[in-house]
Participant: 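First, the structure itself, so that you have it in front of you.
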Amino acid sequence: MTLTVPTTYKALTDESAIALAKTVHTFDPAAQLTCREIGDGNLNYVFQIEDPNTGKRVIIKQALPYAKIIGESWPLTLKRATIEANVLKKHGEFVPSLVPAVYATDEELAITVMEDLSHLEIAREGLINGQNFPRLAQDIGEYLALTLFHTSDYGLHPFEKKRLAAEFSNPELCKITEDLIFTDPFFDLDTNDYEPQLQAAAEAIWNNRKLQLEVAKLKKSFLTEAEALLHGDLHTGSIFASQEETKVIDPEFGFYGPIGFDVGLFLANLIFQSITREDEDRLVIVDHIEKTWEVFASRFTELWTTQSVESFRKTEGYLEYVLDKVLTDAAGFAGCELIRRTIGLAHVKDLDSIEDAENRIRFKKQALETGRALILKREETASIKDILQILEEART
Ligand code: SR1
Ligand code: MG
């Protein structure tokens with residue numbers, strides 16, 4: 001559904017958000033709706049509109065013409081709202097139970113009206129508070145396999161694949177990733193943000209020529225390999241979860257890129273938890289890492305076997321080659337994510353919220369070391385166990 005609303009961009013207020021919600025949702029016309037701005041991300045406003053009498057709720061997400069994390073000095077395209085809504089709809093064709101329903105959109109207002117998920121919790125918050133989310137690995141493994149297979153050349157006619165790749169061209173948001181994940185943290189730049197105790201560790205990264213070459217190769221993959229329609233920012237803050245349910249939100253960074261990028265980002269954000277947790281609680285996360293990959297690989301294999309349109313699908317060794325490359329790339333991309341979330345511009349609460357300074361710095365150094373090792377050793381990884389081994393070694 002496309003909204004019938006004013007055609008020039010205007011930031012929503014609580015009042016205009018309520019008025020808008022009434023036009024698209026089946027609220028009682030006499031209802032006294034309430035509205036709360038609940039966005040806690042880096043870029044957008046999120047309004048939750050509720051009928052307090054019935055408990056019925058809807059979300060209106062609005063992109064701002066600049067990055068909220070920085071302010072108006074960093075202009076940012078409003079087109080990202082349309083990209084996000086269209087990725088949700090496209091991915092929803094394959095995993096309807098794992099993404100929110102989109103009710104309406106407006107391109108001019110950069111708005112998406114969608115399903116309220118406030119009965120769930122942002123996975124990052126829950127994980128930090130010790131929750132384990134028993135469905136998380138299974139659901140995200142499936143989400144990755146289904147969305148990535150079905151939007152790739154393995155699952156689509158090449159005309160449709162190229163049409164989608166053009167539709168989901170997302171240069172401005174990709175540039176943020178190119179800078180914040182693949183460039184800035186690997187040079188001594190003012191945009192980086194880290195505590196003085198990490199100065200030597202940061203300098204070791206900037207002076208590591210071998211590491212820089214490997215990051216350059218990973219950046220090249222991100223820039224050039226239009227393999228599947230990615231979520232593009234699949235961290236644990238982009239996932240709502242409970243004991244029974246998982247929903248992936250926020251694909252505004254969606255574009256056609258290398259499959260290993262979505263896999264690697266998710267694994268990296270689990271790895272932050274494997275760094276900060278101890279004993280049994282840590283093993284739960286190690287299991288999540290292993291299971292995510294296993295579910296992804298087995299579902300992808302099943303789709304390849306039953307639905308691939310690729311002429312070489314039965315060629316011995318080709319599927320194994322594709323999966324090996326995804327794993328290798330995922331290790332490298334995870335390494336970049338670990339480093340950028342530790343010394344780059346946008347951090348993660350998993351590390352920053354640790355109050356004890358000694359532990360916080362110790363964990364951050366471990367994140368940097370794990371990132372370095374994943375990038376440099378990624379070509380040696382033949383299975384997810386090899387990645388777990390790298391994590392283990394970085395703890396010592
Ligand atoms: C300026 S945006 C900073 C980060 O927030 C988003 O969630 C992406 O991860 C981006 O890199
Ligand atoms: Mg986001």
Side-chain angles (χ1 to χ4, degrees), residues 87 91 137 140-155 161 165 168 170 174 177-178 180-182 211 213-236 238-239 248 251 253-272 288-301 303-304 310 318-341 370-388 390-391:
V87 176
H91 284 175
I140 298 299
E142 297 230 349
Y143 167 87
L144 290 165
L146 283 144
T147 59
L148 298 171
F149 176 86
H150 283 299
T151 59
S152 74
D153 282 300
Y154 317 122
K161 189 265 181 152
F168 288 101
N170 197 357
C174 284
T177 301
E178 290 150 22
L180 296 194
I181 299 189
F182 292 110
L211 185 70
L213 173 59
E214 296 311 313
V215 173
K217 292 178 192 172
L218 287 159
K219 182 177 176 183
K220 176 174 181 286
S221 297
F222 181 85
L223 288 165
T224 60
E225 290 176 22
E227 198 177 12
L229 178 59
L230 306 188
H231 176 284
D233 194 25
L234 190 60
H235 57 79
T236 46
S238 299
I239 298 169
V248 176
F253 284 76
F255 81 113
Y256 260 77
I259 288 178
F261 186 74
D262 272 1
V263 178
L265 246 61
F266 179 64
L267 295 185
N269 282 270
L270 289 179
I271 291 169
F272 286 120
H288 277 359
I289 293 170
E290 190 170 3
K291 188 167 180 186
T292 301
W293 174 259
E294 280 171 357
V295 171
F296 165 76
S298 92
R299 288 293 274 138
F300 195 90
T301 299
L303 291 165
W304 180 289
E310 167 57 57
Y318 186 38
L319 169 63
E320 289 69 23
Y321 163 80
V322 169
L323 285 174
D324 280 357
K325 183 171 182 317
V326 174
L327 185 70
T328 303
D329 288 353
F333 293 136
C336 295
E337 171 77 352
L338 287 163
I339 290 172
R340 77 96 170 209
R341 294 290 191 187
T370 310
R372 186 198 66 81
L374 283 169
I375 294 168
L376 290 179
K377 295 182 181 172
R378 72 189 189 289
E379 300 286 356
E380 297 157 31
T381 56
S383 78
I384 190 69
K385 295 271 188 217
D386 295 328
I387 291 185
L388 298 179
I390 291 172
L391 306 189

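Each residue takes its place number in the sequence, starting with 1.
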Participant: Give me the atom names and distance for the closest heavy-atom approach of Ala373 to Ile390.
Facilitator: CB-CG2, 3.7 Å
Participant: Run the side-chain contact (heavy atoms from CB on, under 4.5 Å) test on Ile181 and Phe222 for me, step by step, so that the C-alpha distance in whole Å, both residues' side-chain angles and the decisive distance to 0.1 Å come before the verdict.
Facilitator: CA-CA 10 Å; Ile181 299 189; Phe222 181 85; over 6 Å; no
Participant: With a 4.5 Å cut-off on side-chain heavy atoms, are Leu374 and Ile271 touching?
Facilitator: yes
Participant: With rounding to the nearest 0.5 Å, note down the distance linking CG in Leu213 to CG in Leu376.
Facilitator: 9.5 Å
Participant: Measuring from atom CG of Asp329 to atom CZ of Arg378, what distance do you get when rounded to the nearest 0.5 angstrom?
Facilitator: 7.5 Å
Participant: Quick one: NZ on Lys385 to CD1 on Ile289, what's the gap to the nearest 0.5 Å?
Facilitator: 11.5 Å
Participant: Less than 4.5 Å apart, side chain to side chain, heavy atoms only: is that true for Thr147 and Val87?
Facilitator: no
Participant: For the CG atom of Asp386 and the CD atom of Glu380, what is their distance to the nearest 0.5 Å?
Facilitator: 8.5 Å
Participant: So how far is it from Arg372 CZ to Ile339 CD1, rounded to the nearest 0.5 Å?
Facilitator: 9.0 Å
Participant: For Phe300, which of Leu146, Leu319, Val326, Val295 qualifies under side-chain contact (heavy atoms from CB on, under 4.5 Å)?
Facilitator: Leu319
Participant: Is any side-chain heavy atom of Phe272 less than 4.5 Å from a side-chain heavy atom of Thr236?
Facilitator: no
Participant: Looking at CG of Leu230 and CG of Leu148, how far apart are the two atoms once the value is rounded to the nearest 0.5 Å?
Facilitator: 6.5 Å
Participant: Pairs under 3.5 angstrom only: tabulate donor-acceptor contacts from the side chains of residues 255-265 to other protein residues two or more places apart or in another chain.
Facilitator:
unit_1: Tyr256; atom_1: OH; unit_2: Thr151; atom_2: O; d: 2.5
unit_1: Asp262; atom_1: OD1; unit_2: His231; atom_2: N; d: 3.4
unit_1: Asp262; atom_1: OD1; unit_2: Gly232; atom_2: N; d: 3.0
unit_1: Asp262; atom_1: OD2; unit_2: His231; atom_2: N; d: 2.7

Participant: Can you name the nearest heavy-atom pair linking Ile387 to Ala331, along with the distance?
Facilitator: CD1-CB, 3.8 Å
Participant: Are Ile239 and Asn269 side-chain neighbours, meaning at least one heavy-atom pair lies under 4.5 Å?
Facilitator: no
Participant: Can you name the salt bridge (Lys or Arg N to Asp or Glu O under 4.0 Å) partners of Arg341, sequence neighbours left out?
Facilitator: Asp233, Glu337
Participant: Is there a side-chain contact between Tyr143 and His91 (heavy atoms, below 4.5 Å)?
Facilitator: yes
Participant: Minimum heavy-atom separation for Leu218 and Phe333, please, with both atom names.
Facilitator: O-CE2, 3.5 Å
Participant: Glu294 and Lys291: salt bridge (charged side-chain N to carboxylate O under 4.0 Å, His left out), yes or no, with the steps?
Facilitator: CA-CA 5 Å; Glu294 280 171 357; Lys291 188 167 180 186; over 6 Å; no
Participant: Kindly indicate whether the side chain of Trp304, heavy atoms from C-beta on, has any atom under 4.5 Å from the side chain of Leu323.
Facilitator: no
Participant: Taking salt bridge (Lys or Arg N to Asp or Glu O under 4.0 Å) as the test, write out the residues that go with Glu225, two or more places apart.
Facilitator: Lys325
